[in-house]
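For reference, the structure discussed in these notes is given below.
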Amino acid sequence: MASTSGTKAEGGVGPPRTASRRVSKAPTMVDPAAGEDQNSLDSELVPSTLASIAPILRVANEVEKQNPRVAYLCRFHAFEKAHRMDPTSSGRGVRQFKTYLLHRLEREEEETEPQLARNDPREIQKFYQNFYEENIRDGHQTKKPEEMAKIYQIASVLYDVLRTVVPSSKVEDETKRYAKDVEEKRDYYEHYNILPIYAAGVKPAIMELPEIKAALRAIRNMNNLPVLRMPDDKDKSVNDILEWLASAFGFQKANVANQREHLILLLANMDIRNKSVDDDANYNELDSYTVKQLKDKIFKNYESWYKYLHCPTNLRFPPGCDKQQLELLYIGLYLLIWGEASNIRFMPECLCYIFHNMAHEMHGILFGNVLPVSGGAYQPVSHGEESFLRDVVTPIYEVIHKESSRNQNGTASHSAWRNYDDLNEYFWSDKCFKLGWPMDKKADFFVHSDKRNKANVGHNNVATGGRKPKANFVENRTFWHLYRSFDRMWIFFILALQAMVIIAWNQSGSLSVIFDADVFKSVLSIFITAAILNALRATLDIVLSLRAWRSLKITQILRYLLKFAFAAFWVVVMPVAYAKSVQDPAGVLRFFSNLGGNIENESLYYYCVAIYLLPEILAAFIFFFPFLRKSMERSNWRIISLLMWWAQPKLYVGRGMHEDMFSLLKYTLFWIMLLISKLSFSYYVEILPLVQPTRAIMDIRVTSFDWHEFFPHMPHNIGVVIVLWAPVLLVYFMDTQIWYAIFSTIVGGIYGAFSHLGEIRTLGMLRSRFESIPSAFSERLVPSSKKEKKHRYEDDSLERKNIAKFSQMWNEFILSLRMEDLISHKERDLLLVPYSSSEVSVIQWPPFLLASKIPIALDMAKDFRGKEDADLFRKIKSDDFMRSAVIECYETLRYLLVGILEDKDDKMVVEQIRKEIDESIKEKRFLRKFRMSGLPLLNDKLERFLNLLVADYEDEEAKRSPMINLIQDIMEIIIQDVMFDGHEILERAHQIDRKEQRFERINIYLTQNRSWKEKVIRLNLLLTVKESAINVPTNLDARRRITFFANSLFMKMPDAPRVRNMLSFSVLTPYYNEDVLYSDEELNKENEDGITTLFYLQKIYPDQWKNFEDRINDPKLGYLSKDRNELIRYWVSYRGQTLARTVRGMMYYREALELQYFLDFAEDKAIFGGYRIIDMNRTDYRALKERAQALADLKFTYVVSCQIYGAQKKSSEQRDRSCYVNILNLMLTYPSLRVAYIDERDEAVNGKSEKVYYSVLVKGGDKLDEEIYRIKLPGPPKIGEGKPENQNHAIIFTRGEALQTIDMNQCLFACLVHVQSGDQFCNHRTKNFGQSLKGKISLWSS
């Protein structure tokens, strides 16, 4: 093996060679004979118990090409360390991994030899010195922070290996000096997420933003904070307030780093909006309002919670304190709690309870408060790193975990276990304070009953035992929920039906009969029915909540009983009072009349109805004043709570959720109109026509029935009446949905018309409205001052600039369609808009609008027989697009000819022709100076000339001769065939003696200029496209996207802010084990019909497949050097429900933000020059690009929660390995993509191997992923619902004030509109850290 001159002579840690051979037959994790790419992944296959050796193996793979012997020494050191960690190979997969590594070491020992020295100690020492001098000594001045982080990691591992190979006495002083320097600076160069906070040397542009600097200064304000003592009585050094909080309360280091960046980005984004400072030089400190605003947002739920419980707040600010610093301490404390709370984040009020107590403790540390229990003073002592996780999070998590085990994978009854909401409701009452602080583990909240009482557990029964029962609600599965859940609807329709039947039963059937006293009295009988239905509702309330009474407050139970008593009271009183009001009652009415004794007052029933309606009238009054209702529901005054007690149960959630009065009035008017229409239809079409037949049937005397089973001998033929009315009643109760569909369609159509929704639905409408699209884009999406808005249409230069901005966005959109193969090369060229129009006096519209306009104009001019210029010009000007096309072709042709001719005299000839044309048009003698019959011949020559310019030649000089001939032909045709007096211009040119021929000296290399060549391509399209482009694009999905995008520009939306002032947001996509990319095997696997997936997609997307082949075969695009099969895999995957498709769509957000920043801050020259063709060699343009990327990082984050990515990385299954590699490739392709996953490790805890779980965030590195954060969890995070818990563990890695959750079946396009409109949408619905994941908002996607 390796040279042992640097190891101990005895007691070596490495196993004997013979011992290793006894297990050499065991299966290996990687084939030792495999290729380099396969063996380079051995660092990712390390068993979880040996995770600490993975960095060593990564370094070995990194230095393999530079020095194979050093790589061998690194692997040998990894093997020794693995053997020390697990000498018996008892861990899962350890034996196989050590066997593989031992086999590889045996092979490399023979194949490698020292290159820099004679022995291994000198070899690695020399390599370490060279590595330091080449990469570290001056690296901070030239390399980026992420590069330096990797270099310092390699240097640290190399020195660890060096110390095992080289005896300490033989380590050179220079090596020690280098190692000391690495050790001192290593903390400044760590892998980071967005902000390299401690990086020295070359800093990214994001760290130079003044808002970032101001936020950093604020959190590094350590003035007046007490020094914390370590357990060994040493002072604890900290750099910022979050490190101080971590030392005081025992938060994890990774959690602190994660929330530090989170807090800085929140402060920076909010502060720049509050200040809107254009002068960055005067931007030094955070605005005091920024911190207050963030505090109010974060503690909105906490403030509601402590007021609800009538307890004093612990957000205290003593006089004379540094308020901003204290506010940041409270914010930082809550973020750290939230970041480490794991599954407790589903219990927001539990988080409030934890913060409430920890804030009190922090206040005591800062201001010397007295402990509430012992009476002693708080001592600022530093806690261990995981004490918060161990003492606070884990006990609560264990309660959740044990309760979830009762769920039995979703098969147990809802009443048999407590979910997150049930446990969270414990903190809705002041009982939670009985937990104390530190929490008493014997409190009722922590009581479990692992074995349920079998005698008391049956189907849908509540389990009994020592555990706390469910809170407030226990599900009962019964069909009575159909009535109770919609009781108001049922009551209204039943009462309306009764009233309509009573009115229709009258002889006239007119609605005016209701004013008849007897009819009106009969209609009032509906209140008897209402009393009975309300009694049914009260009964169901008791029955359906009966099993939750163990956990209900006595006031809630009393409310149920009183409601039932009052309902029963009215059930008795209403019939009695009504019977007394009827003269000569009979039947049932006589029975109720006798119950009333000798009461003679017939108005009693009216008094009862009035009293019965009083609560309903009061509720209706409050309904029309939502601000009053909202205030009453959210009020924590006990008198208000007592008044509201009868109306609804007192709950923490769902209070004050009402719209404004205007919205409420619109909503009410909508339903009033709907119900009037529905009831009118029901009365006149359904009920009234049945009354007379029903009367006739009831009067018929039938003595015998043929089918007596269906029509029994019942009085008045009731059976027939029931059969007659049953279908009508069924329709009556169900047709409300039909009326709702009708009214929603009508109202939605009217509202959409006024909101400009769907104005552009077809390509024809797009073509007709395209002239107004740039102005709509300017109004909706281009930030501008009030002065600019006022003069937007008056200032021609400003209008041209806005059109140029629109062209940048439009072209990026069209190019994205081409990259997705939705359009062809030709369609792309027809849809693109020129970046600059400074050489042309008219607006340059996309060629698809101008297609065939020039050929039509030529035919029109050739066939024109008139004498006056005005007649010809009137025909051309009748079509605005034709006029634009003619002027553009004329001016562009002149520009191209002047540009390609090198001789000044030749250029002078072209200028004289232009002057002649302009003067003849001005003097209205154009037709007398030029022959229109010569234009077709000129057009043919121009087509050949332009085709030659755009053609690709290996040798550009080969173009020269034919190009000269074509230019001479063109000039000859113009002078001799088109112009009447062209010979005069040519004679004046020949007065100068010259040996060369005219138009012979040309600049052939001008065609290599991208901007110039785009003009040639555009002119060629205008001249050569003779057919109409009305069907461009032909692809239906491309049409849908273009019309959707154009239509969205006409919607009503608030003014767009600058990208620097917009809300920051994140996108989160949950992923488990779905397809990332389809493999070759999946593409070519035949189904039962012999059809492969690839063949199927080629047939249903034939145009897209042809566009794809054209794209990858185009040598200009650089796809010829790439693997064709890999490109096909991506093409197919982008048309399936894959992670790659979703990631590509979400990354359009970032591209849109960079483009928007360019449009906001670029100079006019850059805007007119084009977003894609700016010269990155220029310092100012390069700085602009870097700053655009920095702003995109500041505003947008995309996290994919790949729950089992860590298991896929270590798996030997082919599909899992494929998913891992594909996800890794996505991170390498999109550097701003972040992947969060749950890492499961076997670690020794108290001498025993236990499963330990981590939330890990990684990003793409050079070739592999780089770990950014690793936060330990209290246990497995997936203990209930998979998707929300997958999102929950990753949500701590998101950034910004809003969160968009996107599933894998969603994609995105037209991101610029989404970003800007989403920014306005989020102004009122930002991310609330005090609520669970269900409280996060979602933007929309397509």
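On a predicted model such as this, the values are computed, not experimentally measured, just so you know.
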- prompt: Does Arg1150 make a cation-pi contact with Tyr1198 (under 6.0 Å, within 45 degrees of the axis)?
  reply: no
Among Ile1223, Asn1225, Val1221, the one residue meeting side-chain contact (heavy atoms from CB on, under 4.5 Å) with Val1076: Ile1223
message: For Val1200 versus Leu1139, what's the shortest heavy-atom pair and its separation?
response: CG1-CD1, 3.9 Å
- request: Determine whether more than 12 heavy atoms belonging to other residues, nucleotides or ligands lie under 6.0 Å from atom NZ of Lys144.
  value: no
Given Tyr1072, Tyr1254, Tyr1205, Tyr1269, the one that forms ring-ring contact (aromatic ring centres under 6.0 Å, His included) with Tyr1237: Tyr1205
- prompt: Can you tell me if OH on Tyr1130 sees more than 12 non-hydrogen neighbours from other groups inside 6.0 Å?
  reply: yes
query: Any sub-3.5 Å donor-acceptor pair from Arg1241's side-chain atoms to Pro47's backbone N or O?
result: no
- prompt: Do NZ/NE/NH1/NH2 and the carboxylate oxygens of Asp1262 and Lys150 come within less than 4.0 Å?
  reply: yes
Minimum heavy-atom distance Arg1124-Ile1112, with the two atoms named: NH1-CD1, 3.0 Å
message: Check the orientation of Phe1293 and His1289. Use parallel for under 30°, tilted for 30 to 60°, and perpendicular for over 60°.
response: perpendicular
- request: Mark yes or no: Lys1278 above the aromatic ring of Tyr1253, with NZ or CZ under 6.0 Å from the six-membered ring centre and no more than 45 degrees from the axis.
  value: no
Atom CD of Glu133: over 12 foreign heavy atoms under 6.0 Å: yes
